[in-house]
There are 2 protein chains.
Amino acid sequence: MLVADRLSPTSYVVLGTIALRGPSTSYDLKRAVGRSIGYFWHFPHAQLYSEPQRLVELGLLDAETEAQGRRRRTFRLTDAGLDELRAWLAEPTPEHFQMRDIAELKLFFNEVGEPGDVARLAREQVAAHRERIAVYEDMQARYADLDAVAKRMITLRLGLEMEHAALRFWSALLDEVG
Amino acid sequence: MLVADRLSPTSYVVLGTIALRGPSTSYDLKRAVGRSIGYFWHFPHAQLYSEPQRLVELGLLDAETEAQGRRRRTFRLTDAGLDELRAWLAEPTPEHFQMRDIAELKLFFNEVGEPGDVARLAREQVAAHRERIAVYEDMQARYADLDAVAKRMITLRLGLEMEHAALRFWSALLDEVG
DNA sequence: CGCATACGATCCGTTTCGGACGGTATGGCA
DNA sequence: TGCCATACCGTCCGAAACGGATCGTATGCG
């Protein structure tokens with residue numbers, strides 16, 4: 001069995017984050033993911049504890065446990081791990097993105113609800129997307145000139161495009177239904 | 001324990017789809033979801049067989065089994081089920097939408113890859129989003145004047161906004177690195 | 001009549017999920 | 001110095017989600 005067959009997107013998040021930050025504990029990963037990828041890829045933290053262990057067993061990471069104190073486990077990329085990550089970056093991406101938007105679901109079923117529901121929903125969504133846009137713009141402003149992270153920050157532009165698209169849609173809908 | 005606490009978005013997809021189409025078998029649900037919600041909310045078909053049964057136990061659906069032949073089970077909404085659905089439609093939606101976009105993940109980690117990777121990725125994504133836009137536009141054209149489904153088709157507009165946003169982003173990126 | 005194909009349903013092992021919990025270090029204050 | 005509050009850090013576990021494999025049933029066609 002190919003190693004790559006045993007890997008999920010989660011695996012690559014772990015490999016990639018360690019590649020970017022250097023040797024990391026699970027807690028480091030948790031915080032790093034929370035501040036970055038977490039915004040566009042939902043992630044239960046428990047995975048950041050189990051997944052690295054799996055990757056060690058597959059030979060893509062190795063681990064070192066602190067001698068005393070908390071006995072934190074620090075994971076670092078092996079050569080095989082880096083190769084695997086690079087291969088993944090180079091290969092085609094057949095899956096289309098997936099969305100999970102409760103609001104869109106509610107909108108789809110709006111016929112069943114009360115007349116006012118759609119307007120309330122739209123108002124809420126407008127507010128939520130505005131808020132998120134503010135967060136992204138703030139991040140962009142704070143990191144814009146840090147060369148070290150500039151290349152990662154490009155995903156923020158995609159996030160902003162998406163948020164603006166959603167905002168446009170819900171605003172227009174709100175105009176229509178009042 | 002409140003009934004609503006035992007419900008997931010999946011539950012509302014089932015309740016909502018039955019509300020829109022009337023009494024349905026699991027297979028009906030599977031096809032209906034595949035043609036509509038499936039485009040913006042990923043769904044393993046097995047759930048459409050287990051979830052209705054759960055909802056029967058919660059009193060939100062009731063079921064009738066064909067006497068002979070395939071003994072299909074047809075599910076219909078109970079009053080409690082309709083109330084539950086309506087309550088959900090009326091209540092606030094605190095969660096922000098979630099995306100899962102492998103391409104965005106790869107872009108975030110692009111520093112680790114080869115220089116050409118980003119351009120290849122962008123080219124792929126441009127093609128994929130163009131294709132999806134064509135599908136949506138086709139659906140829109142075909143159903144535009146069917147009053148029966150017009151209200152649901154509004155979610156298509158949101159889907160199109162999202163796809164165009166993604167397309168804009170990847171096209172611009174391609175211009176920059178391509 | 002027999003076979004190919006689409007229809008319809010279920011099973012089951014694996015992975016994900018997320019919330020709850022429990023232990024550990026640190027700094028401040030009494 | 002000892003205690004407490006708080007942040008830090010890690011794990012567990014039941015419940016869903018997942019998806020692929022499988023299996024019976026009807027239908028149409030040669």
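Letters go in sequence order (proteins before strands), and every chain restarts at 1. Keep in mind that this is a model prediction, so the values were computed, not measured. These values consider heavy atoms only, across backbone and side chains, with no hydrogens, waters or symmetry-generated copies.
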When you check the phosphate oxygens OP1 and OP2 of [N], does a side-chain N or O of [X] lie under 4.0 Å from one of them?
X	N	result
Arg73(B)	dA9(C)	no
His42(B)	dG19(D)	yes
Gln47(A)	dT15(C)	no
Thr10(B)	dA17(D)	yes

In terms of side-chain heavy atoms of [X], which of [options] is nearest?
X	options	value
Thr25(B)	dC9(D), dA9(C), dG19(D)	dA9(C)
Ala46(B)	dG10(D), dC18(D), dC11(C)	dC11(C)
Arg6(A)	dT15(C), dG8(C), dA16(D)	dT15(C)

Under 4.0 Å between any heavy atoms, over every strand shown, what does Ser8(B) touch: base, sugar-phosphate, or nothing? Just pick one.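 Sugar-phosphate: the residue Ser8(B), judged by heavy atoms under 4.0 Å, touches backbone atoms but no base.
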Rounded distance [0.5 Å steps], CG in Leu160(B) versus OH in Tyr136(B):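 The CG atom of Leu160(B) sits 7.5 Å away from the OH atom of Tyr136(B).
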Between Asp28(B) and Arg100(B), who's closer to the 5' end of DNA chain C by nearest nucleotide?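 Result of the comparison: Asp28(B).
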Parallel, tilted or perpendicular: rings of Tyr12(A) and Trp88(A) (30°, 60°):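 Parallel: the ring planes of Trp88(A) and Tyr12(A) meet at under 30°.
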If I take atom NZ in residue Lys30(B) and atom P in nucleotide dG19(D), what distance separates them, rounded to the nearest angstrom?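 The distance from NZ of Lys30(B) to P of dG19(D) comes to 14 Å, rounded to the nearest Å.
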Flag for Arg31(A)-Tyr27(A): side-chain donor and acceptor within less than 3.5 Å: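 There is no such pair between these side chains.
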